[in-house]
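By convention in this document, chain letters (A, B, ...) are assigned in the order of the sequence lines, proteins followed by strands, and residues within each chain are numbered from 1. As a basis for the values below, the full set of heavy atoms in this structure was taken, side chains included, without hydrogen atoms, waters or symmetry mates.
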Protein chains: 2
Amino acid sequence: MLTKSEENYIKEIYALEQKHKADVNTNLLAEKIETKASSVTDMLKKLAKKELLIYQKYKGVKLNSKGEKIALSVIRKHRLWETFLVEKLDFSWDEVHKVAEQLEHIRSEKLTNKLDVYLNFPKVDPHGNPIPDVNGKLIIIDAVCLDQFEIEEEGIFIEVKDESENFLKYLTKNNIVIGAKIKVLEKEEFDNSFKIEIDRKQFNISENVIKNLYLKK
Amino acid sequence: MLTKSEENYIKEIYALEQKHKADVNTNLLAEKIETKASSVTDMLKKLAKKELLIYQKYKGVKLNSKGEKIALSVIRKHRLWETFLVEKLDFSWDEVHKVAEQLEHIRSEKLTNKLDVYLNFPKVDPHGNPIPDVNGKLIIIDAVCLDQFEIEEEGIFIEVKDESENFLKYLTKNNIVIGAKIKVLEKEEFDNSFKIEIDRKQFNISENVIKNLYLKK
DNA sequence: ATTAATTTTTAGACACATCTAAATTATAAA
DNA sequence: TTTATAATTTAGATGTGTCTAAAAATTAAT
C-alpha cells in the first residue's frame, strides 16, 4: 500500500511523461512537487525498489505498467471528485482542484466506483480532462492546442490544462469557458500573443494562456 | 494545523469523555487508538503544549474548549460523510464507518458546509448519532439505553453506539434496524442477557448487544 | 578535449509518530 | 504502613519523508 506522498510522485511523473513525451528528470519533478531534488532522488529509489518505475541514476525516470496503473487510479479519483464537487455540490471550476488533491487519496474502490455510478460515468471532468474508467481506460480528447491555430480559424474550447485558481478565474472573467467558440483574429510575432474573438468581443491573450487552451476544430 | 493523528487522538478523547463522564486515562486511550501507552503519553504532551487539552502526569487528560471544538468539527465531518454515503451513494450502514474515518480528515470548510446543504442539514447520521451543526451544536438525542428497560417495556430503536461492521451486520440480520419497535420480554440475571421481541419474532441478545442499543421510550 | 556550469546524487541531520524496555508513580492488598 | 501490583512515563531506537551541504556525474561552452 502506498503513502499519499508516493501517490503524488507517481501522479506527477505520469503527468510529466504525458506532457513531455520523454523520461522525467529530477529537477523538474522537484519543482512540480515543491520539494528538493535530493528528496526526489530518495523517493525515486524507494519507488524503484517497489517496482513501480524504471529509474537509472542521472538518466531520469519512467513509470512501468504497475506505476502507470496507480497513476491512472489516482487521476480517476481526482477527476471524479472534481466532477462531483461541481455537479452536485455547486463548486465552481476554479475551486475544486485543491480539495480534489486531498480526496484523490481516499482508499476505497467501492467508494470510487459508486461515485462513478452516481455521476453517471462521466467521460470528462469540469476542465475537460478525460476521466479514466474502472479499468484505467480513458477517451482520447480530440483537442488541438490553440497555438496550432491559423489566423481566421475557429474552434470550440473543450479542455484546459492549467487548473490553478487564478488562471481559471481569469478565463471565467473573460468568458473563456468550456464550450465557448473562439476565433483567432491576429497573431503577434514578437510575444506570441493572439487577438481572439469570443461572443463578438475581441481581446488579446498571452502565450501562457494560449498554451493551456485546447479546442475542437 | 493538526495532523490526522492529532485529530484522531482528540476525537477519541472526546468520545471517551462523553462515555465515561470523567478524565480519560492513558491505557484506555491507547487501546482505542490501537497504539501503546507510551505513544499516547508522547502525543498528550504535544497536544497539551498546543493548548488543546489539560494534561497532568499520571492524572489523565481532558479536552479544553479549543480541543472540544476540534473534536466536534471532526465528528461533524465524519457523520455528514456517513450520511452522504448511505443516502446518496447507496452504501449500507455497516460499510460507512471506515471510509468516513478517512473522509473526516479532509480539510475544507467550504466542502463540509456544502455537503451539509446538499444533504439538507441532517440532524442524525445513519446510526442515529447526532450531527454537530456548523457551530458545533448538536441536538440531544432523547434515547435510553436498552439496559435501563423493565420487563414488558417497549421502545423505538433510534441510536446505536458500536459502529463496527460485524456488529451492524448482526443487527441487520436480526431486523434490529433504526426505527424498529423492541419489547423486553425476559431478563436473565446470570449473564444479563434479554429476551426481546421485534416484528413478532422473539430472540435473545447478550449484554454486549444491549449496551449498544438506545431507544426512545 | 578540456574547462565551466548545471544537474543529480550522497551523506548526514531533523521532525513526526511510533515502538520496546526500564524506571517511576499511583493504587490495592496484606 | 509496608509491600505488591498496576498504570504511566522516560529513555532510547526505528521508519518515513524531508532538509542542507558536499561530492559526483553530465552537459554545454570555449
Would you say [X] reaches [N]'s phosphate, i.e. side-chain N/O to OP1/OP2 under 4.0 Å?
{"X": "A:S39", "N": "D:dC19", "value": "yes"}
{"X": "A:N27", "N": "C:dT8", "value": "yes"}
{"X": "A:T41", "N": "C:dT10", "value": "no"}
{"X": "A:Y9", "N": "D:dT18", "value": "yes"}

B:K88 charged N/C atom sitting above B:Y118 aromatic ring, 6.0 Å / 45°: yes
Cation-pi check, B:K217 onto B:F149 ring (under 6.0 Å, within 45° of axis):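 Relative to the ring axis of B:F149, which defines the angle, B:K217 lies inside both limits.
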Looking only at side-chain atoms of [X], point me to the closest of [options].
{"X": "B:S38", "options": "C:dA21, D:dT18, C:dT9", "answer": "C:dA21"}
{"X": "B:T3", "options": "C:dT9, C:dC16, D:dC19", "answer": "C:dC16"}
{"X": "B:N25", "options": "C:dT8, D:dT8, C:dT10", "answer": "D:dT8"}
{"X": "A:K36", "options": "D:dT20, C:dT18, D:dT8", "answer": "D:dT20"}
{"X": "A:K45", "options": "D:dC19, C:dT18, C:dT10", "answer": "C:dT10"}
{"X": "B:Y58", "options": "D:dT18, C:dT9, C:dT25", "answer": "C:dT25"}

Rounded to the nearest angstrom, tell me the gap between atom [atom1] in [X] and atom [atom2] in [N].
{"X": "A:K59", "N": "D:dA25", "atom1": "NZ", "atom2": "C1'", "answer": "10 Å"}
{"X": "A:L28", "N": "C:dT6", "atom1": "CG", "atom2": "P", "answer": "17 Å"}
{"X": "A:E31", "N": "C:dT6", "atom1": "CD", "atom2": "C1'", "answer": "15 Å"}
{"X": "B:D42", "N": "C:dC19", "atom1": "CG", "atom2": "C1'", "answer": "10 Å"}
{"X": "A:D23", "N": "D:dT26", "atom1": "CG", "atom2": "P", "answer": "15 Å"}
{"X": "B:E7", "N": "C:dC16", "atom1": "CD", "atom2": "P", "answer": "16 Å"}
{"X": "B:Q56", "N": "C:dT24", "atom1": "CD", "atom2": "P", "answer": "21 Å"}
{"X": "A:Y55", "N": "C:dT7", "atom1": "OH", "atom2": "P", "answer": "16 Å"}

Sugar-phosphate, base or nothing in reach of B:S5, heavy atoms under 4.0 Å: sugar-phosphate
Aromatic ring proximity B:F84/A:F84, centre distance under 6.0 Å: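 For B:F84 and A:F84, the ring centres are under 6.0 Å apart.
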Between B:S92 and B:E95: side-chain donor-acceptor atoms closer than 3.5 Å: yes
Between B:R76 and B:N135, a side-chain donor and acceptor under 3.5 Å: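 The criterion, which ignores hydrogens and geometry beyond distance, is not satisfied for B:N135 and B:R76.
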